[in-house]
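Okay, structure first, notes after.
The sequence lines fix the lettering, A, B, ..., with proteins before strands; numbering per chain opens at 1.
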Protein chains: 2
Amino acid sequence: MPTLAAAAAPVLAHQSTLRESNLAVVLRCVCASPEPVSRAGVASATGLTRSTVSRLVDELVAGGLVDEGTARLAGPGRPATPLRPARRICAVGLQVNAAHVAARLIDLRGEVVAESRSEPDLVGSDPARALGLLGGHLAEVLPAAPEHGRIVGAGLALPGVVDASGERLLRAPNLDWRDVEPVAGLRGQLHDIPLTLGNEANLGAHAFAQPAPGRRGRSSHFVYVSGEIGIGGAVVTDSLVQSGLHGFAGEIGHMPFRPGGDPCPCGSDGCLERYAGRLAMTRRAGLPPSTTLAELGQRAEEGHAGSREAIELAAEALGVVLAGVVNLLDVPTIVLGGEIGDLAPRIAPVVEARVRARVMAAGWMPLEVCQDPDDVAGATGGALVHLTQVVTSPAVVLAAGGGEAC
Amino acid sequence: MPTLAAAAAPVLAHQSTLRESNLAVVLRCVCASPEPVSRAGVASATGLTRSTVSRLVDELVAGGLVDEGTARLAGPGRPATPLRPARRICAVGLQVNAAHVAARLIDLRGEVVAESRSEPDLVGSDPARALGLLGGHLAEVLPAAPEHGRIVGAGLALPGVVDASGERLLRAPNLDWRDVEPVAGLRGQLHDIPLTLGNEANLGAHAFAQPAPGRRGRSSHFVYVSGEIGIGGAVVTDSLVQSGLHGFAGEIGHMPFRPGGDPCPCGSDGCLERYAGRLAMTRRAGLPPSTTLAELGQRAEEGHAGSREAIELAAEALGVVLAGVVNLLDVPTIVLGGEIGDLAPRIAPVVEARVRARVMAAGWMPLEVCQDPDDVAGATGGALVHLTQVVTSPAVVLAAGGGEAC
DNA sequence: CGAGATAGTTTTGGGACACAACCAATGGAG
DNA sequence: CTCCATTGGTTGTGTCCCAAAACTATCTCG
């Protein structure tokens with residue numbers, strides 16, 4: 001059946017492409033399963049023959065991408081050797097935003113091997129100072145890498161616009177940074193580990209879409225709202241983050257809620273961020289700007305009228321804007337992440353009701369508003385992007401000699 | 001360099017997959033070029049060897065998907081035999097909306113072989129009557145298929161929500177249709193040609209993204225606005241229409257412009273359509289609802305104050321809403337299609353200025369508002385979807401025996 | 001303890017592409 | 001007009017990769 005989506009451009013295929021593709025199929029199958037699987041299990045899951053799977057798995061084991069367990073999987077018939085993603089393959093996730101600095105080491109199983117973080121106030125900070133802090137956390141985390149391990153990359157999540165090459169931060173309004181290239185500042189700790197930059201919300205969304213390398217999350221089509229001081233966002237379709245032609249996609253905080261309303265530093269007015277961003281909400285509630293959204297929720301709980309009104313207006317604004325997004329993109333799930341996730345138990349039902357009332361196809365589709373519990377989702381996503389890359393193109397890692405120690 | 005987009009799931013590959021993939025590569029190369037190409041040209045463009053290309057081309061020629069010309073391509077060295085997409089492969093594009101009924105026959109070169117159309121008023125019409133009209137146009141167009149030709153499919157564009165299977169129209173507010181299955185009504189004319197349904201704006205956007213099968217249009221990332229009585233839309237990223245999880249994506253007409261404003265039959269209020277849809281504009285201008293947008297533009301030209309105001313408000317609304325879309329998705333191009341395209345010369349500069357003023361990354365990205373000149377773009381897209389499918393999976397057509405006459 | 005079942009390996013075969021040598025046909029230099 | 005350089009296209013050989021089937025290994029169940 002012809003569909004609009006079936007038109008992706010094919011790529012030239014050699015025979016080696018075939019092997020690379022099937023290596024990826026096998027590795028993904030191993031990674032996708034939460035339980036260890038056998039060679040035969042991979043074969044029946046993928047449709048490849050047992051002999052082919054065996055050869056590909058041997059190659060992955062030799063390259064250090066897959067671990068063969070010693071215990072056997074019981075059951076009738078010959079017991080199977082369990083296969084799991086290798087622990088020795090790791091990636092680093094880094095995050096700097098106005099309130100967090102964090103470093104995480106995550107392995108190919110998607111497990112957090114080590115973590116180091118702090119909560120300084122970095123509004124209007126000097127990039128060098130922040131990167132110094134980050135370097136400290138990084139240095140704490142790196143030694144946790146397994147012996148003979150290999151760190152395939154590092155991903156740094158930043159609350160701003162990153163250029164397409166993934167090397168330069170163009171602008172981060174809430175940090176008041178412009179044109180920062182963090183690679184240089186971190187080279188000392190990173191040695192030869194490649195560092196890529198990404199927008200915090202985009203990376204958080206990636207982590208929610210694929211909570212472990214090669215594994216699908218609970219939703220494949222969603223819009224992710226990352227609320228901190230401002231509001232970022234990301235659109236995920238078919239488990240892939242839509243980052244746009246230049247990588248600038250996701251500025252949901254600057255979609256219009258009340259055009260002609262509150263002026264916004266972005267140059268526009270009535271932006272969502274002016275109603276549902278932390279700064280706007282605390283100001284409306286009559287609380288100091290350093291108040292966290294969790295505290296704001298607490299105050300509302302206690303009956304503080306200003307806080308209640310601020311939260312109600314924020315939920316209204318989110319509902320209106322997100323309904324527009326759902327109408328435009330047919331995404332049945334809305335994920336609240338970052339600090340605004342802390343308000344989710346309070347506002348999710350309201351947002352959901354508002355959205356449902358304004359969505360054309362609400363009668364034919366499910367709708368759900370949920371929370372991303374990871375409070376450094378950007379860092380998690382930064383590591384997972386590199387690990388997902390390994391699952392997608394295992395041949396690259398194999399060729400690079402998976403045996404290098406770190 | 002790891003990117004967010006690189007995570008697409010690989011598919012099991014046999015050796016036959018390899019051949020199918022390379023067949024598609026070769027056919028796409030032939031189709032993508034506006035000029036005839038030689039086997040050697042395909043080889044150098046794709047990276048395949050001349051021998052491999054030769055074998056694949058022979059197969060495509062034998063299957064009737066590619067024509068070998070008799071004239072020779074001049075130049076130094078041995079003259080080449082020119083290759084072109086076969087004329088005998090065709091698809092039918094159909095369209096029904098409130099003001100148009102049309103049928104088009106398009107061949108694998110993307111050329112319109114035959115067309116038949118009428119402009120009845122179908123607001124609140126009986127589906128059977130409209131489908132009867134459509135059947136008439138279809139019957140006029142089918143005999144134009146080349147001798148021994150093969151019609152690979154038919155695509156019907158409708159101004160409403162189509163279910164995921166592409167067989168049922170769930171709701172078309174402007175026609176006042178619900179739960180219509182046009183396949184049955186057209187089976188008489190269609191014989192065994194498979195019919196798929198699609199949203200008019202989605203199909204129009206597809207035609208703009210890929211004006212001929214396998215050929216890329218002037219823009220790969222854009223938002224398409226199809227303005228008729230109401231307003232539909234579509235989002236295209238990387239030359240692919242984003243149709244959403246259930247195929248409902250693109251309801252840009254019901255994104256919020258002034259939440260709390262004009263109530264909309266969709267159940268919401270302040271929707272874009274209430275300010276930039278034809279019905280809303282004519283009412284505001286104080287003209288009869290049957291006034292076309294071209295006429296409205298004419299009246300404004302002549303100094304009619306109501307028309308001017310209506311157009312200004314529509315441009316304002318489009319600017320605000322589209323700026324939000326650009327912020328969300330980082331699409332540098334906005335395409336005005338359908339009837340609202342007739343107003344493009346008048347409103348495009350205003351819309352562009354409004355958008356530019358509200359887009360965060362406007363300083364780092366180009367922005368352009370342009371017009372889709374095709375006034376039955378939905379029909380064109382309906383046919384192109386099927387033809388694009390042939391380019392993407394030529395093996396399917398070859399296996400089905402391309403030799404069947406129609 | 002043996003039969004059945006399941007896991008994994010080895011062997012053989014076929015399909016597809018790369019490579020290289022070869023044939024074909026034209027334009028241009030002399 | 002002849003010859004040669006140049007490019008287009010074909011043919012034959014080798015290599016890579018997967019499928020199919022036969023074979024071995026090891027456990028569970030009766």
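- Contact check, B:Asn22 against C:dA16: no side-chain N or O comes under 4.0 Å of OP1 or OP2.
- Nucleotide C:dA5 holds its C1' atom 11 Å from the CZ atom of A:Arg50, rounded to whole Å.
- A:Pro213 places a side-chain heavy atom less than 4.5 Å from the side chain of A:Leu384.
- When all heavy atoms of B:Leu190 and B:Ala154 are compared, the pair lying nearest together is CD2-CB, 4.1 Å.
- In this structure, A:Glu20 atom CD and D:dC17 atom P are separated by 9 Å, rounded to whole Å.
- Considering only the side chain of B:Thr49, C:dA18 comes nearest among C:dA18, D:dG9, C:dG8.
- Between B:Arg19 atom CZ and C:dC17 atom C1' there is a gap of 13 Å when expressed in whole angstrom units.
- One can find a donor-acceptor pair under 3.5 Å joining the base of D:dC16 and the side-chain atoms of A:Gln15.
- Taking atom CD of B:Glu68 as the reference point, atom P of D:dG9 lies 9 Å away to the nearest angstrom.
- Taking every side-chain heavy atom of B:Ser51 into account, C:dA20 is the closest of C:dG8, C:dA25, C:dA20.
- Within 4.0 Å (heavy atoms only), B:Thr81 reaches sugar-phosphate atoms of the nucleic acid but no base atom.
- Regarding B:Leu18, its CG atom lies at a distance of 6 Å from the C1' atom of C:dA16, rounded to whole Å.
- Between the CG atom of B:Leu23 and the P atom of C:dG15 there is a distance of 16 Å, rounded to whole Å.
- For D:dG9, the OP1/OP2 oxygens have a side-chain nitrogen or oxygen of B:Ser38 closer than 4.0 Å.
- The distance from atom CZ of B:Arg55 to atom C1' of D:dG9 is 14 Å, rounded to the nearest whole Å.
- Applying the 3.5 Å distance criterion, the base of C:dA25 shares no donor-acceptor pair with the side chain of B:Arg78.
- Rounding to whole angstrom units, CG of residue B:Asp58 and C1' of D:dG8 are separated by 13 Å.
- Side chain B:Thr52 to base C:dA16: no donor-acceptor pair is found below 3.5 Å.
- Evaluated for a salt bridge (Lys or Arg N to Asp or Glu O under 4.0 Å) with A:Asp67, the options A:Arg87, A:Arg84, A:Arg109 yield exactly one hit, A:Arg109.
- An OP1 or OP2 oxygen of D:dT7 is reached within less than 4.0 angstrom by no side-chain nitrogen or oxygen of B:Arg39.
- Looking only at side-chain heavy atoms (C-beta outward), B:Val112 and B:Leu105 stay at 4.5 Å or farther from each other.
- In terms of heavy atoms, A:Gly244 sits closest to B:Asp330 at C-OD2, 3.4 Å.
- No hydrogens or angles were tested; on distance alone, nothing pairs the side chain of A:Ser16 with the base of D:dC17 as donor and acceptor under 3.5 Å.
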